[in-house]
A.B. asks: 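Let me give you the structure first, and then I'll get to my questions.
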Amino acid sequence: LGIGTLIANNVYDAAYPLHDLLYQEWARYGVFYKFQPIDLIRKYFGEKIGLYFAWLGLYTEFLIPSSAVGIIVFLYGCITIESDIPSKEMCDQRNAFTMCPLCDKFCDYWNLSSACATARASHLFDNPATVFFSIFMALWATMFLEQWKRLQMRLSYFWDLTGLEEEEEHPRPEYETKLLQKKLKNKNITTESSNEAELTHMFICLQIMLAFSAVFGVIVYRITTAAALSFSTNETTRSNVRVTVTATAVIINLVVVLILDEIYGAVAKWLTEIEIPKTEKTFEERLILKAFLLKFVNSYASIFYVAFFKGRFVGRPGRYVYVFEGYRMEECAPGGCLMELCIQLSIIMLGKQLIQNNLFEIGIPYLKKLFRKLKDERTEVKEMETNQSKNPQQWDLDYILEPFTGLTPEYMEMIIQFGFVTLFVASFPLAPVFALLNNIIEVRLDAKKFVTELRRPDTVREKDIGIWYNILSGIGKLSVIINAFVIAVTSDFIPRLMYQYAYSQNGTMHGFINHTLSYFNVSQLKDGTQPENSLFAQEVSFCRFKDYREPPWSPHQYEFSKQYWAVLSARLAFVILFQNLVMFLSVLVDWMIPDIPKDISEQIKKEKTMLVDFFLKEEHEKLKLIESFIAHDKRKRRSGIKSRRTRAASFSHCHRSPKGSFTSFSSQHTVV
């Protein structure tokens with residue numbers, strides 16, 4: 001019953017409240033420096049949308065301190081780059097580190113000093129300050145969630161939501177229709193629902209495999225393109241193979257991510273509609289979980305690959321790992337994979353924010369609005385013939401706007417951005433800065449979209465942001481583990497620490513580069529893999545490669561050395577120590593910050609005390625009233641007993657009169 005069913009049955013085309021204000025105070029880009037009028041937003045759109053913009057405003061405010069700390073960490077890397085000994089050793093051409101060929105047959109030996117620029121750039125993000133920044137961001141995420149709980153409680157109190165109870169929702173028209181069809185066909189509803197759930201899970205797994213396949217396709221592109229460019233006769237092309245492959249692969253990856261994001265949004269909605277949830281709340285929660293799972297895998301799969309898998313399964317000279325019978329697995333740059341991880345993360349994050357979150361949000365609603373307007377112009381001519389009014393009414397203007405479809409897309413883009421800011425922040429300390437710049441525009445962009453591009457939605461009362469808080473909390477906890485592994489596995493922080501305090505003769509970083517490079521006897525290269533027409537300046541007997549392995553003159557040649565196992569143990573120990581330390585500090589912050597602000601807590605206590613006093617006073621007055629009734633009843637009973645005694649005496653007197661006398665009978669009857 002209701003307007004929803006009438007719209008579903010095409011009795012009405014649409015139903016919506018009308019727009020009337022808020023543009024000047026909120027939706028203009030010129031007021032970006034002002035606080036949002038949250039109370040006006042709540043009165044205009046309802047509590048649910050008001051909570052979203054309150055959350056977005058708090059998140060943007062919290063990005064300011066994290067951006068400041070990120071800039072300080074980046075500047076620390078810029079200041080200390082000239083005093084960084086490992087990068088200076090790598091750039092020093094007097095240190096003739098002859099490296100093994102990067103590909104078979106067509107690649108020549110090369111000097112490590114040619115990778116000087118990569119080493120210097122990686123120091124900007126791979127320095128001791130990033131460890132501190134990772135701990136800071138983990139605590140930042142905890143403080144943000146705690147502060148949001150406090151703000152949410154404050155808004156709930158002032159918006160009179162503290163006593164709001166969840167009302168029983170009416171079933172969705174689609175659910176009732178499907179239920180009726182199944183009853184008419186005498187089908188087992190439970191069995192069919194379980195079959196639909198299994199189909200949904202299977203389809204989600206297929207979509208996740210599609211995302212992994214896209215990542216694998218980009219990996220194949222990198223490997224084959226690197227091999228093809230290595231065959232080039234142009235010296236400039238061969239020298240810039242790594243830069244060319246990395247740049248083009250990241251752009252391809254970004255395009256694939258953007259395309260799959262749109263596909264996954266439609267797929268998640270389709271799968272949820274197939275399940276036919278009973279209520280709107282259940283429908284929304286299932287849609288959120290499916291869309292988040294698919295978009296999370298799509299956005300971060302390539303980043304996870306670069307961070308934890310690239311360069312781990314390469315093998316060694318003389319025993320490389322090959323794919324497709326001739327292509328070697330790709331290696332990390334000489335400065336490590338952290339710099340490439342930084343490039344991958346920054347391009348995908350900035351690309352998604354610029355293209356998807358801004359251009360798509362402006363362009364797609366505008367195009368839909370334009371299409372709807374052109375479509376309706378055909379019918380306007382006929383209407384003008386019957387209605388001579390030249391000024392269109394507000395409902396006509398609002399009908400051209402795009403219907404409101406929910407807050408899921410708005411929350412989703414911010415949640416994915418929150419992941420970029422927290423999950424891999426150890427590799428890109430400037431992520432909060434770009435997130436802050438984006439959100440300053442995003443707040444007004446969303447405001448303008450809600451006021452000028454979308455029909456005004458019906459108001460919905462909600463106490464909190466629902467399942468989104470649980471997703472944010474999960475990302476915050478996951479970020480601790482991921483950053484611990486990024487620092488321990490992807491960066492050179494642990495190897496440098498181990499060398500300085502365990503292997504260095506003078507306690508400095510001098511000799512670190514030589515310590516991390518192993519020797520290989522070039523005479524042991526397999527036939528057909530040696531460099532053809534080598535132009536290297538000197539004859540090469542041994543080449544170097546980055547790994548901890550025994551030298552050729554060792555009895556256990558090319559096996560992992562003791563240093564390898566020592567560094568591996570230190571990495572695992574750091575992960576455990578970092579994770580437990582940050583988790584402990586997060587729990588401590590959670591315990592120290594109360595969920596309810598003190599003034600709100602005291603006010604709630606006062607109101608409860610006043611309410612109890614009022615009820616006690618009411619009960620006391622009721623008790624007095626009852627006692628007065630009881631006393632009055634007792635008095636009536638006493639007077640009733642006296643009257644009965646008098647009547648009984650009169651009755652006995654009349655009974656003693658002569659029998660048969662009409663007068664005595666009449667008086668007896670009258671007394672009785």
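Along the sequence shown, the residues carry numbers beginning at 1.
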A.B. asks: Please identify which of these residues, Trp55, Tyr59, Phe292, meets the ring-ring contact (aromatic ring centres under 6.0 Å, His included) condition with Tyr411.
C.D. replies: Trp55

A.B. asks: Any idea how Phe144 and Phe418 line up, ring-wise: parallel (<30°), tilted (30 to 60°), or perpendicular (>60°)?
C.D. replies: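 Plane angle between 30° and 60°, so tilted.
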
A.B. asks: Any chance the rings of Trp26 and Phe450 have centres within less than 6.0 Å?
C.D. replies: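 No, too far apart.
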
A.B. asks: State yes or no: are the ring centers of Phe53 and Phe45 separated by less than 6.0 Å?
C.D. replies: no

A.B. asks: Considering only distance and modelled atom types, tabulate donor-acceptor pairs under 3.5 Å from the side chains of residues 252-259, sequence neighbours left out.
C.D. replies:
| unit_1 | atom_1 | unit_2 | atom_2 | d |
| --- | --- | --- | --- | --- |
| Asn253 | ND2 | Ser302 | OG | 2.9 |

A.B. asks: Working to the nearest 0.5 Å, report the span between CD of Glu285 and CG of Asn470.
C.D. replies: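 Glu285 atom CD to Asn470 atom CG measures 9.5 Å (nearest 0.5 Å).
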
A.B. asks: For the NZ atom on Lys149, are there more than 12 heavy atoms of other groups (residues, nucleotides or ligands in this structure) within a distance under 6.0 Å?
C.D. replies: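 Yes, the 6.0 Å shell around NZ holds more than 12 heavy atoms from other groups.
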
A.B. asks: A side-chain contact here means heavy atoms from C-beta on lying under 4.5 Å apart; do Tyr157 and Glu607 qualify?
C.D. replies: yes

A.B. asks: State which residues pass ring-ring contact (aromatic ring centres under 6.0 Å, His included) with Phe304; sequence neighbours excluded, sorted by chain then number.
C.D. replies: Phe308, Phe424

A.B. asks: Under a 3.5 Å distance rule, please check whether Ser299 uses its side chain to pair with a backbone N or O of Lys295 as donor and acceptor.
C.D. replies: yes

A.B. asks: Run Met143 and Phe62 through side chain to side chain contact (heavy atoms under 4.5 Å, CB included) and show every step you take.
C.D. replies: CA-CA 9 Å; Met143 292 184 66; Phe62 256 72; 4.2 Å; yes

A.B. asks: How many angstroms lie between CZ in Arg444 and CD in Gln36, if you round to the nearest 0.5 Å?
C.D. replies: 5.5 Å

A.B. asks: Is any side-chain heavy atom of Phe283 less than 4.5 Å from a side-chain heavy atom of Thr279?
C.D. replies: no

A.B. asks: Using the side chain to side chain contact (heavy atoms under 4.5 Å, CB included) rule, pick out the option among Ile482, Leu423, Leu341 that qualifies with Ile303.
C.D. replies: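 Testing each of Ile482, Leu423, Leu341 against Ile303, the sole residue satisfying side chain to side chain contact (heavy atoms under 4.5 Å, CB included) is Leu341.
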
A.B. asks: Any Lys/Arg nitrogen of Arg286 or Glu275 sitting under 4.0 Å from an Asp/Glu carboxylate oxygen of the other?
C.D. replies: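 Here Arg286 pairs with Glu275 in a salt bridge, since their nearest N and O are under 4.0 Å apart.
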
A.B. asks: Between Gln417 and Asn439, does any side-chain donor sit less than 3.5 Å from a side-chain acceptor?
C.D. replies: yes

A.B. asks: Kindly say whether Leu56 contributes a backbone atom to a donor-acceptor pair with the side chain of Thr60 at under 3.5 angstrom?
C.D. replies: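 Confirmed, Thr60 side chain pairs with Leu56 backbone.
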
A.B. asks: Start with the C-alpha gap between Arg154 and Asp599, add the side-chain angles, then the distance that decides, and say whether side chain to side chain contact (heavy atoms under 4.5 Å, CB included) holds.
C.D. replies: CA-CA 9 Å; Arg154 186 179 294 277; Asp599 58 333; 3.0 Å; yes

A.B. asks: Is there a side-chain contact between Glu47 and Lys463 in this structure, where contact means two heavy atoms from C-beta onward sitting under 4.5 Å apart?
C.D. replies: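 Heavy-atom side-chain distance check fails, nothing below 4.5 Å.
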
A.B. asks: Any non-hydrogen side-chain atom of Val73 less than 4.5 Å from a side-chain atom of Phe136?
C.D. replies: no

A.B. asks: How about Phe420 and Tyr300: are their ring centroids closer than 6.0 Å?
C.D. replies: yes

A.B. asks: Please assess Val425 against Val486 for the test side chain to side chain contact (heavy atoms under 4.5 Å, CB included), listing each intermediate value before the final yes or no.
C.D. replies: CA-CA 9 Å; Val425 74; Val486 168; over 6 Å; no

A.B. asks: Hydrogens and angles aside, do Lys477 and Ser473 bring a side-chain donor and acceptor to less than 3.5 Å of each other?
C.D. replies: yes

A.B. asks: Rounded to the nearest 0.5 Å, how far apart are CG of Leu611 and CG of Leu616?
C.D. replies: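 So the CG of Leu611 and the CG of Leu616 are separated by 10.0 Å.
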
A.B. asks: Taking atom CZ of Phe434 and atom CG of Leu345, what is their separation to the nearest 0.5 Å?
C.D. replies: 10.5 Å

A.B. asks: Under 6.0 Å from the six-membered ring centre of Phe404 and within 45° of its axis: does the NZ or CZ of Arg456 meet both?
C.D. replies: no

A.B. asks: With side chain to side chain contact (heavy atoms under 4.5 Å, CB included) as the criterion, how do Ile465 and Tyr52 come out once you've worked through the C-alpha distance, each side chain's angles and the decisive distance to 0.1 Å?
C.D. replies: CA-CA 7 Å; Ile465 60 175; Tyr52 163 71; over 6 Å; no

A.B. asks: Are the side chains of Met137 and Asn483 in touch, meaning some heavy atoms are under 4.5 Å apart?
C.D. replies: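 Not in contact.
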
